[in-house]
Peer 1: 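One structure is given below, represented as structure tokens, and several questions about it will come after.
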Amino acid sequence: MTAYSILDLVPVVEGGTVPQALANAADLAAHAETLGFTRFWVAEHHGMKGIASAATSVVIGHIAAATKSIRVGAGGIMLPNHAPLVIAEQFGTLDALYPGRIDLGLGRAPGSDQRVAHAIRRTLDSDPNAFVRDVVELQSYFADDGQTGISATPGAGADVQLYILGSSLYGAQVAALLGLPYAFASHFAPQMLDEALHVYRNSFKPSAALDQPHVMAAMNIIAADSDEEAEFLASSIQQSFVGLRTGNPRQMQPPVEGYKASLPPHIAAMLDELLSCSAIGSPDTVTTRVAKFIDRTQADDIIVACSMFDHDKRKRSLSLTAQAFQSL
């Protein structure tokens with residue numbers, strides 16, 4: 001059976017609070033653990049009113065403390081925002097607290113707009129090769145191989161699993177070059193999914209971390225008792241994508257009947273393209289679409305994105321999603 005995991009953006013809903021969003025994330029992870037999900041990831045985003053996972057390593061610790069066995073990690077840390085030594089120390093600490101359970105997905109996007117990125121980094125000067133060098137430096141700290149002349153404490157010898165994230169060919173090439181698992185962000189950037197997986201698998205070089213390619217692919221899954229209810233619930237994430245792409249990001253909005261039909265044709269078409277890797281519907285509909293996605297990607301692990309306004313409906317969606325995977 002294909003493994004199934006969760007990517008949670010820790011959504012702050014309209015009228016809600018950050019403490020509530022963080023409590024919901026911990027509750028959702030504990031629920032996912034009972035359903036057989038392999039891992040629970042949160043992502044680094046900054047300056048967004050509707051996402052509470054900016055301090056990603058802190059949120060990971062919060063979620064790990066609320067669970068017992070599910071792997072917990074970042075999907076991902078935007079490495080150009082940080083010195084590799086700081087990330088080694090943070091995730092080395094997490095591994096010391098929750099040994100054998102910590103994942104570290106690494107991306108090179110800012111996770112914000114240029115103004116916020118400048119506030120984080122102070123300078124946006126970058127070298128196209130810096131990301132690969134930073135990943136190698138981070139690996140060196142965990143391996144404690146002396147290559148940097150610094151021993152990370154915590155961090156040296158930590159059992160942290162690294163992943164390369166991507167939505168283009170660049171991430172696929174880096175993951176293949178370094179012999180690391182590759183996770184593709186097809187839940188919001190599906191355009192290059194097939195080509196990127198082809199490049200990764202065909203260029204992969206075995207490493208001490210991995211002897212053969214390992215693919216993770218993300219899809220939006222919103223399951224409910226009927227197609228109609230799922231489509232209604234999905235209107236919240238549709239509103240989020242439209243707001244983000246039109247320069248008006250907000251807290252997660254409540255669902256709206258007939259939302260997509262109310263959009264101008266060019267916006268609706270944009271939404272269809274962004275969300276083309278999705279399974280929205282009843283258990284039968286979701287099972288069929290998940291099976292097609294697995295057949296298309298041959299992924300080792302499907303990362304489920306399931307942002308929703310109503311927390312209890314979201315938990316119900318994850319229960320139905322787990323049943324779908326278990327039936328395949």
Side-chain angles (χ1 to χ4, degrees), residues 3 5-7 9 39 41-46 53 56 71 73-82 84 87-88 91 102-114 117 120-121 124 126-140 142 160-220 244 273-277 293 296-305:
S5 300
I6 294 173
L7 173 65
L9 298 185
R39 65 195 80 245
W41 282 0
V42 294
E44 179 185 351
H45 291 278
H46 299 280
S53 55
T56 313
R71 295 191 67 89
I77 288 291
M78 301 298 106
L79 194 52
N81 290 341
H82 312 277
I87 298 304
F91 279 78
I102 302 301
D103 293 339
L104 175 51
L106 300 167
R108 67 180 183 123
S112 61
D113 61 29
Q114 292 295 297
I120 295 168
R121 304 182 187 181
L124 298 183
S126 62
D127 177 342
N129 298 313
F131 179 69
V132 175
R133 289 201 303 265
D134 285 351
V135 174
V136 171
E137 182 181 341
L138 183 57
Q139 287 181 304
S140 179
F142 287 136
V160 176
Q161 175 64 65
L162 297 185
Y163 296 79
I164 299 297
L165 312 183
S167 58
S168 68
L169 300 186
Y170 179 82
Q173 292 164 345
V174 171
L177 174 68
L178 298 178
L180 291 172
Y182 180 53
F184 192 88
S186 34
H187 63 301
F188 74 88
Q191 295 86 349
M192 302 188 77
L193 170 63
D194 301 301
E195 188 176 358
L197 297 190
H198 176 78
V199 166
Y200 170 65
R201 287 180 169 127
N202 282 274
S203 304
F204 181 84
K205 296 182 178 179
S207 68
L210 200 63
D211 59 3
Q212 60 185 0
H214 184 92
V215 166
M216 304 173 73
M219 68 183 304
N220 301 286
L244 187 61
E273 181 180 17
L274 289 177
L275 300 180
S276 61
C277 292
F293 189 70
R296 172 185 173 183
T297 62
Q298 295 296 299
D300 302 286
D301 193 341
I302 301 299
I303 307 171
V304 176

Peer 1: side-chain contact (heavy atoms from CB on, under 4.5 Å) between Phe204 and Leu210: does it pass, once the steps are laid out?
Peer 2: CA-CA 10 Å; Phe204 181 84; Leu210 200 63; 3.9 Å; yes
Peer 1: Write down the atom of Pro190, the atom of Arg296, and the distance for their closest heavy-atom approach.
Peer 2: O-NH2, 4.5 Å
Peer 1: Indicate the ring-plane relationship of Tyr163 and Trp41, choosing parallel, tilted or perpendicular according to the 30° and 60° boundaries.
Peer 2: perpendicular
Peer 1: For Ala218, is there any backbone N or O sitting under 3.5 Å from a side-chain donor or acceptor partner on Ser186?
Peer 2: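 Such a contact is found between Ser186 side chain and Ala218 backbone.
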Peer 1: Considering only heavy atoms from C-beta outward, does the side chain of Leu138 approach that of Leu104 to under 4.5 Å?
Peer 2: yes
Peer 1: Looking only at heavy atoms, what is the nearest atom pair of Thr297 and Ala217, with distance?
Peer 2: CG2-CB, 4.3 Å
Peer 1: Give, for atom CD1 of Ile302 and atom CD1 of Ile6, the distance between the pair rounded to the nearest 0.5 Å.
Peer 2: 13.5 Å
Peer 1: Any side-chain to backbone donor/acceptor pair from Glu44 onto Thr56? Under 3.5 Å, distance only.
Peer 2: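 Here the side-chain-to-backbone pair does not exist.
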Peer 1: How close do Tyr200 and Ala172 get, heavy atom to heavy atom, and via which atoms?
Peer 2: CD1-O, 3.7 Å
Peer 1: May I ask you to decide if Pro206's main-chain N or O and Asp211's side chain share a donor-acceptor pair within less than 3.5 Å?
Peer 2: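 No.
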Peer 1: Give me the atom names and distance for the closest heavy-atom approach of Ile164 to Gly171.
Peer 2: CG2-O, 3.5 Å
Peer 1: Atom CD in Gln161, atom CD1 in Ile102: separation rounded to 0.5 Å?
Peer 2: 12.0 Å
Peer 1: How far apart are the closest heavy atoms of Ala189 and Ser167, and which atoms are they?
Peer 2: CB-CB, 3.7 Å
Peer 1: Hey, mind stepping through Leu193 and Phe293 against side-chain contact (heavy atoms from CB on, under 4.5 Å) and telling me if it holds?
Peer 2: CA-CA 11 Å; Leu193 170 63; Phe293 189 70; 3.8 Å; yes
Peer 1: Would you indicate whether the side-chain heavy atoms of Val199 and Tyr182 approach each other to under 4.5 Å?
Peer 2: no
Peer 1: Find out whether Asn81 and His46 are in side-chain contact, i.e. whether some heavy atom of one side chain is under 4.5 Å from a heavy atom of the other.
Peer 2: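 The answer is yes, as the side chains (C-beta and beyond) meet within the 4.5 Å cut-off.
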Peer 1: Rounded to the nearest 0.5 Å, what's the gap from CG on Leu180 to OG on Ser207? Could you check?
Peer 2: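 Result: 5.5 Å between the selected atoms.
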Peer 1: Is there side-chain contact between His187 and Ile303, with at least one heavy-atom pair below 4.5 Å?
Peer 2: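 Answer no - side chains too far apart.
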Peer 1: To the nearest 0.5 Å, tell me how far Arg201 CZ sits from Gln298 CD.
Peer 2: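 CD of Gln298 is found 7.0 Å from CZ of Arg201.
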Peer 1: Would you compute the distance between atom CG of Leu165 and atom CD1 of Ile77 and round it to the nearest 0.5 angstrom?
Peer 2: 10.0 Å
Peer 1: Say you draw a straight line from CE of Met219 to CZ of Phe184; how long is it, rounded to the nearest 0.5 Å?
Peer 2: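 Spacing of CE (Met219) from CZ (Phe184) equals 14.0 Å.
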Peer 1: Please walk me through it: do Leu162 and Phe142 pass side-chain contact (heavy atoms from CB on, under 4.5 Å)?
Peer 2: CA-CA 10 Å; Leu162 297 185; Phe142 287 136; 4.0 Å; yes
Peer 1: Are the side chains of Arg108 and Leu79 in touch, meaning some heavy atoms are under 4.5 Å apart?
Peer 2: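 Sidechains of Leu79 and Arg108: no contact.
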Peer 1: Asp103 and Val160: which non-hydrogen atoms are nearest, and at how many Å?
Peer 2: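 Of all heavy-atom pairs spanning Asp103 and Val160, the closest is C-CG1, 4.5 Å.
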Peer 1: side-chain contact (heavy atoms from CB on, under 4.5 Å) for Val132 and Tyr170? Distances and angles first, verdict last.
Peer 2: CA-CA 10 Å; Val132 175; Tyr170 179 82; 3.7 Å; yes
